[in-house]
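Data block below; observations after.
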Amino acid sequence: MVVTNTATVESNYDRKSELMAIDRSKAGIKGLVDAGLAKLPQVFVHDHLKLEMESGPTNANVEIPVIDLAGVNNDSTRRAEIIDQIRDACQKWGFFQVVNHGIPVTTLEETLNGIRRFHEQDPEAKEELYSRDDSKKVTFNTKIDMSQALTAYWRDTLTCVMAPHPPAPEELPSACREIMIDYTNNVMNLGLALFELLSEGLGLNSNHLKDIGCAEGLYIMGHYYPACPEPELTMGTGIHTDSGFLTVLLQDQMGGLQVLYDNQWIDVTPIRGALIINLGDLLQLMTNNKFISVYHRVLAKTVGPRISIASFFRTYIQPDNALRMYGPIKELLSEENPPLYKETNVVDYFKFKHVKGVEGTSALAHFKL
Ligand code: OGA
Ligand code: NI
């Protein structure tokens, strides 16, 4: 994709006050759209967009693998085949879709509906959750960054820290309270099953990844990407890798997610009832590059909204866990396969991740030996 309509970025606009006005409104991007906005505020115009777009052509003929999990727990031949497919996908793509994963389609649809209801309710009801305070378990905000020169994204997000210390039910918004709890239980179970399969795929004891805490911390982001009047000037979500262990992504039928594969952007085609699984930086570090964490992005579109729900299995910043070290798994190392990364703990990892921001190169490079 080549950008023909390249915006000239005015350098003299008051970025900070534009961002603060959006923040003060507490109504998110949806609030801007509902107010009838026809042109993008300057903070959303990506001056590096051209570069991003050109960092690889798109390829419409390739798809990420789709893996059918039917029979994984009661047919040992099938289980072995599934583990082979997962290993292959994790080595080549870092991304795959799963079907017959055990979470009912009605639960998936109702979760998407719940997040949509949250974002589409009266602005007054969302306002009280509008916050950038990381220490809160439930927040609503727009992806803008006051401190760094990063460009804003065209999306609003409800963030819920669901495990291991979930919020009290009444802290969750009433628009999606019950379904968030139900979906979390389902995703936690799927996560446990996936970490078993990944462990076996690595040739480890099936409990290995679970035993070192990979399935404990869950952080859920319910994204809402409103229709955008000038999508070629911005991004729904900019290029990034996920930082934790593993992400379970539920998307609606709108499309827009792309994964970088072989220097080309590949569309992740929506499949009703499927879930997208991708690996994060820490799992790449722990597998010493055997499994990969790859770049992805979400295009802004003139049609919308698009709803997606990203559930991140990650370490968590709690006193009982903060100093837990993560490094290349010893059982995977040998003389021919020496460690490529140093060990890190979650506190240092996130400190560095925050300095770098979320965009562009992954934080992994910092931990290379
Ligand atoms: C993310 C992400 C993709 C999407 O939240 O990290 O990549 O489809 N989301 O919203
Ligand atoms: Ni992501």
Side-chain angles (χ1 to χ4, degrees), residues 15-35 37 40-46 111-112 114-162 166-167 170-177 180 184 218-228 234-238 240 242-244 247 249-251 256 297-298 300 304-312 314 316-317 350 353-359:
R15 180 176 184 276
K16 186 134 193 184
S17 59
E18 209 173 81
L19 289 175
M20 281 171 68
I22 294 166
D23 243 10
R24 257 198 319 271
S25 83
K26 299 181 191 280
I29 309 282
K30 184 169 188 306
L32 293 176
V33 174
D34 290 347
L37 174 104
L40 288 202
Q42 198 66 44
V43 282
F44 294 98
V45 176
H46 287 221
T111 308
L112 290 165
I115 292 299
R116 185 175 183 137
R117 269 196 306 275
F118 170 79
H119 287 281
E120 293 185 349
Q121 68 190 320
D122 286 346
E124 297 76 51
K126 291 188 284 184
E127 253 177 50
E128 60 192 67
L129 287 176
Y130 198 92
S131 170
R132 300 194 174 284
D133 181 350
D134 281 345
S135 67
K136 292 192 174 163
K137 287 192 178 156
V138 182
T139 55
F140 160 62
N141 60 42
T142 287
K143 186 85 191 92
I144 56 183
D145 194 313
M146 292 296 175
S147 58
Q148 299 170 56
L150 295 176
T151 318
Y153 299 143
W154 198 256
R155 77 172 200 218
D156 295 332
T157 301
L158 171 70
T159 302
C160 306
V161 182
M162 295 304 286
E170 58 275 15
E171 289 177 67
L172 291 164
S174 56
C176 54
R177 182 175 299 151
M180 282 298 280
T184 297
L218 192 72
Y219 180 92
I220 300 191
M221 293 177 106
H223 301 306
Y224 185 91
Y225 298 89
C228 179
T234 192
M235 274 284 168
T237 296
H240 69 286
D242 293 351
S243 51
T247 308
L249 183 78
L250 167 60
Q251 67 169 340
R297 66 182 185 185
V298 180
R306 170 180 186 269
I307 291 141
S308 67
I309 296 147
S311 303
F312 302 95
R314 52 161 213 175
Y316 56 100
I317 303 172
F350 278 101
K353 191 81 185 169
H354 284 164
V355 171
K356 289 277 293 182
V358 289
E359 216 164 329

What's the separation between atom [atom1] in [X] and atom [atom2] in [Y], rounded to the nearest 0.5 Å?
{"X": "Phe140", "Y": "Glu127", "atom1": "CZ", "atom2": "CD", "value": "9.5 Å"}
{"X": "Lys137", "Y": "Tyr219", "atom1": "NZ", "atom2": "OH", "value": "13.5 Å"}
{"X": "Ser25", "Y": "Lys30", "atom1": "OG", "atom2": "NZ", "value": "12.0 Å"}
{"X": "Ile115", "Y": "Leu250", "atom1": "CD1", "atom2": "CG", "value": "9.5 Å"}
{"X": "Ile22", "Y": "Phe44", "atom1": "CD1", "atom2": "CZ", "value": "4.0 Å"}

With side chains defined as the heavy atoms from C-beta onward, is the minimum distance between [X] and [Y] less than 4.5 Å?
{"X": "Pro305", "Y": "Glu120", "result": "yes"}
{"X": "Val298", "Y": "Tyr153", "result": "no"}
{"X": "Pro166", "Y": "Thr184", "result": "no"}

Within the distance-only criterion (no hydrogens, no angle test), does the side chain of Trp154 pair as donor or acceptor with the backbone N or O of Tyr225 below 3.5 angstrom? no
Look at the side chain of Arg155 and the backbone N and O of Gly236, then say whether any donor-acceptor pair between them is shorter than 3.5 Å.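 Not at all, since once roles are kept as given, no pair shorter than 3.5 Å links the two residues.
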Any idea which heavy atoms bring [X] and [Y] closest together, and the distance?
{"X": "Ala175", "Y": "Gln121", "result": "CB-OE1, 4.2 Å"}
{"X": "Cys160", "Y": "Met180", "result": "SG-CE, 3.7 Å"}
{"X": "Ala310", "Y": "Thr247", "result": "CB-CG2, 4.3 Å"}
{"X": "Cys176", "Y": "Phe118", "result": "SG-CB, 4.3 Å"}
{"X": "Gly28", "Y": "Thr142", "result": "CA-OG1, 3.2 Å"}
{"X": "His223", "Y": "Thr157", "result": "ND1-OG1, 2.9 Å"}

Go through it in stages, so that I can follow the logic: the residues are Cys228 and Leu40, the test is side chain to side chain contact (heavy atoms under 4.5 Å, CB included), and I'd like the CA-CA distance, side-chain angles, deciding distance and then a yes or no. CA-CA 8 Å; Cys228 179; Leu40 288 202; 3.8 Å; yes
Have a look at Tyr130 and tell me which of Asp23, Asn141, Thr139 forms a side chain to side chain donor-acceptor pair (under 3.5 Å) with it.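 Looking at Asp23, Asn141, Thr139, the match for Tyr130 under the side chain to side chain donor-acceptor pair (under 3.5 Å) is Asp23.
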Are Lys126 and Asp156 ion-paired here, with the side-chain N under 4.0 Å from a carboxylate O? no
Parallel, tilted or perpendicular, as decided by the 30° and 60° cut-offs, for the rings of His119 and Tyr224: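 The rings of Tyr224 and His119 lie parallel, inter-plane angle below 30°.
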Side chain to side chain contact (heavy atoms under 4.5 Å, CB included) between Ile220 and Leu158: does it pass, once the steps are laid out? CA-CA 8 Å; Ile220 300 191; Leu158 171 70; over 6 Å; no
Between Arg314 and Ser243, do the side chains contain a donor N or O and an acceptor N or O under 3.5 Å apart?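 No donor-acceptor contact under 3.5 Å links the two side chains.
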